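Taking it in order: structure first as structure tokens, then the write-up.
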Number of protein chains: 2
Amino acid sequence: MDDMTPITEIAPFRNLSDAGRALLAQVQVSVHMRSPQALIHKGQAASGAYFVLAGRLRVYALAPNGNEATLYFIGPGETCVFALNSLFNDLRYPAWVQAVEDTRLATIPGPVYRRLFAVEPEVRDLTVRTLSTLVFRLMAELEEVHAYKLNQRLANAILVHGSGEGLLRMTQQQLADHLGTTREVIARLIGELVDAGLIESRRACIRIADAAGLARLIAGEAAA
Amino acid sequence: MDDMTPITEIAPFRNLSDAGRALLAQVQVSVHMRSPQALIHKGQAASGAYFVLAGRLRVYALAPNGNEATLYFIGPGETCVFALNSLFNDLRYPAWVQAVEDTRLATIPGPVYRRLFAVEPEVRDLTVRTLSTLVFRLMAELEEVHAYKLNQRLANAILVHGSGEGLLRMTQQQLADHLGTTREVIARLIGELVDAGLIESRRACIRIADAAGLARLIAGEAAA
DNA sequence: CGGCTTGTGTAGCCAAAGCTACGGAATGCG
DNA sequence: CGCATTCCGTAGCTTTGGCTACACAAGCCG
């Protein structure tokens, strides 16, 4: 997918009717964002539907005391639902959004998206599926917060976000923000995991040494 | 709304096309549920779209240790989204559902709902709006969990769920389940609120004595 | 009235996690 | 190489919240 790929070549928009295509052609805007750049601030009105072409967005809550906590991520091919929300409900976006990788977005103004939604079955399905998926992620997250302790959630985050080779390139501060806690706590817990031989820790990088052990920890069987 | 009201008389289904009406007429089922009755168990496949005609459902997570935590409520006129989710995504419902009041439901089988969705703009809008609303509630809840302490969340719950006359008819156990904590903790916190003159506590019932004070507590200004 | 069930108040202990405060290591850059 | 920045490790203290255990109060019903 090169830089100039129009949104009409992307999966869910590939089979639009001519009318739909025409609509989109007039309005497509492509936006680039460098990595730790803020996109949306809480309370801001959504100006349209955002569609992630490449990269990754992070949606997070910001507590009064400055603590962050990741709500969910948006990957390539996914729509940024706040748009959909705000589109259909006229509500303000209830969180912050940030690009965690260099990200390319297509934006579709609200009225156009509404029209597309009314006319194109593909867009309807995409919309509903995106919202549903998000509901699932949020429910899972919420359950996790209540049901698991921080060390389990950390272990989980390491497993989930680790690359194929068992590497996780995040600083402890980023992990802390992700889990809604503080750096020191993460340091402590990472210390424990290292002592237990489950991971190794380098600067800005964690190596998974014993994935099964992490999984066992998450499952709650005998924390070493 | 008497007992026999068909779903086609309820708001979003009132202006269906004849085709839509015909579809619905064939399949409508009305279900009654007595109050603390379980409707759905986690992992169960959703058999169709549920539509709350009267009463209230509570969707909650259940931790391995038996702790509950409310995820959100579903009131009259709202659709139970798990259905929508499962309908469009073929996912299992990720939580438990329970009737907290005597509740009447209409169920619409999956395939029928899909057809309605394809044909009836009203149903499309309802679907998207319901999902969006839920996303908002979940995000708000998730943020609350991270950002506020238990006494603030309790104060909030008391304010939000209190009736017009400033009465909240819930046992401490129910409050604990709602907030994802235990009875003793609630007792302690209620004790503090009573000492601070913000509420009065009777058996299975709380009286709000100083709503403004509660609001101040939530906002974080000088917890007495 | 007496016993049963359900709900509440209290007290103390403990583990989890937040906060403060460092010192020191790794990296980057001039 | 020297310096600055960023990141990590540790230590100790404090607060919050979970757990145990029990006594009492309020309704319910025979």
Side-chain angles (χ1 to χ4, degrees), chain A residues 35-36 62-69 144-158 167-196 199-207 217-218 220 222-224, chain B residues 35-36 62-69 144-158 167-196 199-207 217-218 220 222-224:
Chain A
S35 177
L62 195 48
N65 62 17
N67 263 12
E68 300 185 358
E144 184 186 305
V145 170
H146 282 295
Y148 296 96
K149 297 194 183 160
L150 215 38
N151 59 351
Q152 297 176 300
R153 303 212 294 129
L154 173 61
N156 187 51
I158 292 174
L167 285 183
L168 175 62
R169 303 198 173 282
M170 284 177 85
T171 69
Q172 299 188 349
Q173 182 62 58
Q174 287 173 320
L175 275 168
D177 288 343
H178 177 56
L179 295 176
T181 179
T182 57
R183 215 249 331 146
E184 301 84 332
V185 176
I186 294 296
R188 189 157 54 204
L189 296 175
I190 284 185
E192 292 171 13
L193 293 181
V194 170
D195 290 348
I199 61 171
E200 297 158 24
S201 170
R202 286 200 277 299
R203 183 190 176 88
C205 178
I206 288 175
R207 239 190 82 75
L217 175 62
I218 296 169
Chain B
S35 176
L62 196 47
N65 62 18
N67 262 12
E68 300 185 0
E144 184 187 304
V145 171
H146 282 296
Y148 295 95
K149 298 190 182 166
L150 214 39
N151 60 350
Q152 296 176 302
R153 303 212 293 129
L154 173 61
N156 188 51
I158 293 174
L167 285 184
L168 175 62
R169 302 198 175 280
M170 284 176 85
T171 69
Q172 299 187 348
Q173 183 61 57
Q174 287 173 319
L175 275 168
D177 288 344
H178 177 56
L179 295 175
T181 181
T182 58
R183 216 256 321 151
E184 301 85 330
V185 176
I186 294 296
R188 190 156 56 202
L189 296 175
I190 285 186
E192 292 172 13
L193 293 180
V194 170
D195 289 348
I199 62 172
E200 297 158 24
S201 169
R202 286 199 278 298
R203 182 188 176 89
C205 177
I206 289 175
R207 238 190 80 76
L217 174 63
I218 295 168

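What you see is a predicted model, and the numbers here were worked out from it, not measured in a lab. Throughout, protein chains are lettered first and strands after them, A, B, ... in sequence-line order, and every chain is numbered starting at 1. All values below were derived from every heavy atom in this structure, side-chain atoms included, with hydrogens, water molecules and symmetry-related copies excluded.
Regarding A/E184, its CD atom lies at a distance of 8 Å from the C1' atom of C/dT20, rounded to whole Å. Atom pair B/E192:CD and C/dG9:P shows a separation of 13 Å (rounding to whole Å applied). Taking atom CD1 of residue B/I186 and atom P of nucleotide C/dG9, one finds them 12 Å apart after rounding to whole Å. As a whole-Å value, the separation of A/L154 CG from C/dG18 P is 12 Å. Computed from coordinates, the B/I199 CD1 to C/dT8 P distance equals 11 Å when rounded to whole Å.
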request  = Go through the steps to decide whether B/D177 and B/Q173 satisfy the test side-chain hydrogen bond (donor to acceptor under 3.5 Å, both in side chains), and finish with yes or no.
outcome  = CA-CA 6 Å; B/D177 288 344; B/Q173 183 61 57; 3.2 Å; yes
request  = Output, in order, the C-alpha distance, side-chain angles, deciding distance and verdict of side-chain contact (heavy atoms from CB on, under 4.5 Å) for B/L175 and B/I206.
outcome  = CA-CA 11 Å; B/L175 275 168; B/I206 289 175; 3.8 Å; yes
Residue pair B/V194, B/I190: steps toward the side-chain contact (heavy atoms from CB on, under 4.5 Å) verdict = CA-CA 6 Å; B/V194 170; B/I190 285 186; 4.1 Å; yes
Any N/O pairs under 3.5 Å between the protein and nucleotides 12-16 of chain C? List them or say none.
none

Strictly under 3.5 Å: I want the nitrogen or oxygen pairs between protein and nucleotides 23-30 of chain C, one per line.
{"from": "C/dA26", "atom 1": "N3", "to": "A/R203", "atom 2": "NH1", "distance (Å)": "3.3"}

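Smallest separation of non-hydrogen atoms from A/A176 and A/T182: CB-C, 3.5 Å. Nearest heavy atoms, B/Q174 versus B/M170: OE1-CA, 3.3 Å.
Once you apply a 4.0 Å limit to the heavy atoms of chain A, the touched nucleotides of DNA chain D run 5' to 3' over D/dT6 to D/dG12.
Applying the salt bridge (charged side-chain N to carboxylate O under 4.0 Å, His left out) definition to pairs two or more places apart or across chains, those involving residues 144-153 of chain B are B/E141-B/R153, B/E144-B/R153.
Heavy-atom distances under 4.0 Å link DNA chain D to A/R183 of residues 176-183 of chain A, given in residue order.
Looking only at distances, a side-chain donor or acceptor of A/Q152 sits under 3.5 Å from a matching main-chain atom of A/L217.
Note on the helix from C/dC1-D/dG30 to C/dG30-D/dC1: angle between the axes of the first and last five pairs equals 30°, rounded to 10 degrees.
Contact annotation: B/Q173 side-chain N/O to C/dT8 OP1/OP2 distance is not under 4.0 Å.
B/A204 comes within 4.0 angstrom of the backbone, heavy atoms only, and of no base.
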